[in-house]
*Asks:* 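I am attaching a structure below and will ask some questions about it afterwards.
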There are 2 protein chains.
Amino acid sequence: MMNRTLPAGEFTLIRDHFSHGFPRSRDTLLGVGDDCSVIMPRPLCDLVQSIDTQVADVHFPANAPADLIAQRALRCAASDLAAMGAEPQGFHLALTLPNADADWLADFSRGLREAADALTLDLLGGDTTRGAQLVISISVQGWVTTGTALTRSGARPGDDVWVSGTIGTAALALPQVLEQSADYSGLAHAYYFPDVQLPLGQALTGKATACMDISDGLLQDAAHIARASLVSLELDADAIPTAVASDDPRWAQCLNGGDDYQLLFTAPASLRRTLQNMDGTPLSRIGKVTTAGSDTVTLLRNDNPMPLPERTGFQHF
Amino acid sequence: MMNRTLPAGEFTLIRDHFSHGFPRSRDTLLGVGDDCSVIMPRPLCDLVQSIDTQVADVHFPANAPADLIAQRALRCAASDLAAMGAEPQGFHLALTLPNADADWLADFSRGLREAADALTLDLLGGDTTRGAQLVISISVQGWVTTGTALTRSGARPGDDVWVSGTIGTAALALPQVLEQSADYSGLAHAYYFPDVQLPLGQALTGKATACMDISDGLLQDAAHIARASLVSLELDADAIPTAVASDDPRWAQCLNGGDDYQLLFTAPASLRRTLQNMDGTPLSRIGKVTTAGSDTVTLLRNDNPMPLPERTGFQHF
């Protein structure tokens, strides 16, 4: 059995690291340090919330630099807000640590502050506990104008299917991340610093009929939209903006790999021009919503169905 | 390295267990199943939030029955809402599991549903991950009328110090919990089913000047109020309602042991009669707030300072 309570010195250390330097939301009445945080709801807004966990050697290499671990953890959590079209408000952090190394904590909190700053997320509170393995759970929240949250369930037959940015870069980075976890250059940058599509998500409210962020892989996540909306989707294999061309053996990884945190969404065909001309992350029209009442995803090449590329047997992260 | 993704069958299992039977809050617009949950803020209310983690063999015996683990985890998390005087709204669950045993999950979700029902907390969303050790992080939230949240920082010289219920029962239960983790009778009931003081917390808004729930131990938590309010507290050793009398060798454990989740609060002396006559959990007046500007806690016996009983060296949980 382990001692539940961290020694007082460790408490002070942790408090020092997490008690300053984070962006302060104007909605926050009481932040870190009491039994709870307190926020004042924004008028005419709904509150959008999610919780996301990352486990050492499951979601990231345990020996990765602590600031990179923090960057990735907060960005992945915040991506759920982008998927709903929300404006970020703040987060609570639950940190389970095998030990409380001062240098590690300094690096982790620095990475967390930098990510929080980039994402405009206030640190509202947290809990630090001792455990056998590093586990990071982050609950995030943000505002949407009442009734405008984007969900997975609104896709309608006739809608176009769209995706933002390029798909597969983070998945292709995995060998590099596993070999040299401290290197965040090249492909690994997409892995550690996913480009959370918060502005795009907000721009899509009132336009997209369904939306989600790609965390499991494009094909898997398209199936989530199909199921939630009870529609079928047809995707044009050659229209999907993948990190490698479709004759590259790694193409299947791009379609099945997660971690890019781009947005996958559906929108009425009438908005085609509006979406094509939108500022920011480039958008690609990759297919259409077909039958209502079923929930399949079909990949087409030259208008003919092709087998879905198989997920490789063993996913490292 | 482990596979990040739980097999599809496990996903279904978990979704089935957590997708029904929880109390539905009227504020909840969208619950479990999308990228985020969505709630509609209650007019003229602030939102009070906290996150709480429990780790197997740190905060509870790993081999305890899953329903008891769930009961305790949600109740301990909800206690932070009681400390702020909040009305419960809902929670998000981050569950890290070494494996996905169907029976264990059925038991855990049953315990969670029963606790959620008793506490009127809606399950809004969650994340289930694989890890070496069972880790449960729960973010809870509730409403208070704008500006009325109870904090640790409002105690003023002249205030009385109060505590609810009896202190030390859960701490004294630890030997039994460690030996027979499945037995929740007798003392162990206080450990697994802490009586979260939600009605009392709500009744104290507008009355208490500072409030917190006792999770670290009465003396430690009194020091938290002293520090946050920048006042000193004098506690009358013989007025503290402990589970054993002060000549019992376990008396020190009662003062230093956490886990009772009773409320410790301060209130103006003018409210003495009101508080003494309040319905519900009995309240004991155990001391007073003295000097402003310092932050000590003194234990008195017959008006003479006595040494603070020492925390026993090794806390099992």
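All values below come from the heavy atoms of this structure, side chains included, with hydrogens, waters and symmetry mates left out.
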*Asks:* Which answer fits Q141(B), side chain, backbone, both or neither, if we ask what part of it has an atom under 4.5 Å from a heavy atom of chain A?
*Replies:* side chain
*Asks:* Between atom OG of S139(B) and atom CG of L93(A), what is the distance when rounded to the nearest 0.5 Å?
*Replies:*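 CG of L93(A) is found 12.0 Å from OG of S139(B).
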*Asks:* Given the options M40(B), R42(B), Q49(B), which has more heavy-atom pairs under 4.5 Å with chain A than any of the others?
*Replies:*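 Among the listed options, the one with the most contacts to chain A is Q49(B).
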*Asks:* Less than 4.5 Å to any heavy atom of chain A: does that hold for the side chain of V135(B), its backbone, both, or neither?
*Replies:* side chain
*Asks:* Any non-hydrogen side-chain atom of V55(A) less than 4.5 Å from a side-chain atom of R130(B)?
*Replies:* no
*Asks:* Counting only non-hydrogen atoms closer than 4.5 Å, does A228(B) touch chain A with its backbone (N, CA, C, O), its side chain (CB onward), both, or neither?
*Replies:* neither
*Asks:* When only heavy atoms count and the cut-off is under 4.5 Å, which of residues 77-87 of chain B reach chain A?
*Replies:*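 At a heavy-atom separation under 4.5 Å, chain A is reached by D80(B), L81(B), A83(B), M84(B).
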*Asks:* Tell me, side chain or backbone of L29(B) under 4.5 Å from chain A's heavy atoms, or both, or neither?
*Replies:* side chain
*Asks:* Which value, rounded to the nearest 0.5 Å, describes the distance between I136(A) atom CD1 and S137(B) atom OG?
*Replies:* 11.0 Å
*Asks:* Looking at CG of L124(A) and OG of S50(B), how far apart are the two atoms once the value is rounded to the nearest 0.5 Å?
*Replies:*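 Answer rounded to 0.5 Å: 11.0 Å.
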*Asks:* Measure the spacing between SG of C36(A) and CE of M212(B) and express it to the nearest 0.5 Å.
*Replies:* 11.0 Å
*Asks:* In terms of heavy-atom proximity below 4.5 Å to chain A, should T146(B) be classed as side chain, backbone, both, or neither?
*Replies:* neither
*Asks:* Which one wins on heavy-atom pair count under 4.5 Å against chain A: T151(B), L30(B), L47(B)?
*Replies:*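 Of the candidates given, the most pairs with chain A belong to L47(B).
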*Asks:* For chain A, which of P43(B), C211(B), S153(B), G126(B) has the most heavy-atom pairs under 4.5 Å?
*Replies:*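 Highest number of pairs under 4.5 Å: G126(B).
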*Asks:* Out of curiosity, H92(B) NE2 to H92(A) NE2, how far, rounded to the nearest 0.5 Å?
*Replies:* 12.0 Å
*Asks:* So, for I51(B) and D127(A), which heavy atoms are closest and what is the spacing to 0.1 Å?
*Replies:* O-CB, 3.5 Å
*Asks:* Let's test your reading of the structure: which of V140(A), D213(A), L150(A), L95(A) forms the most heavy-atom pairs below 4.5 Å with chain B?
*Replies:* D213(A)
*Asks:* Between chain A and each of P41(B), G142(B), G33(B), count heavy-atom pairs under 4.5 Å; write down the option with the most.
*Replies:* P41(B)
*Asks:* Between D27(A), D34(A), D52(A), T53(A), which residue shows the highest count of heavy-atom pairs closer than 4.5 Å to chain B?
*Replies:*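 It is D34(A).
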*Asks:* Report the distance from atom CG of D35(A) to atom CG of D221(B), rounding to the nearest 0.5 Å.
*Replies:* 8.0 Å
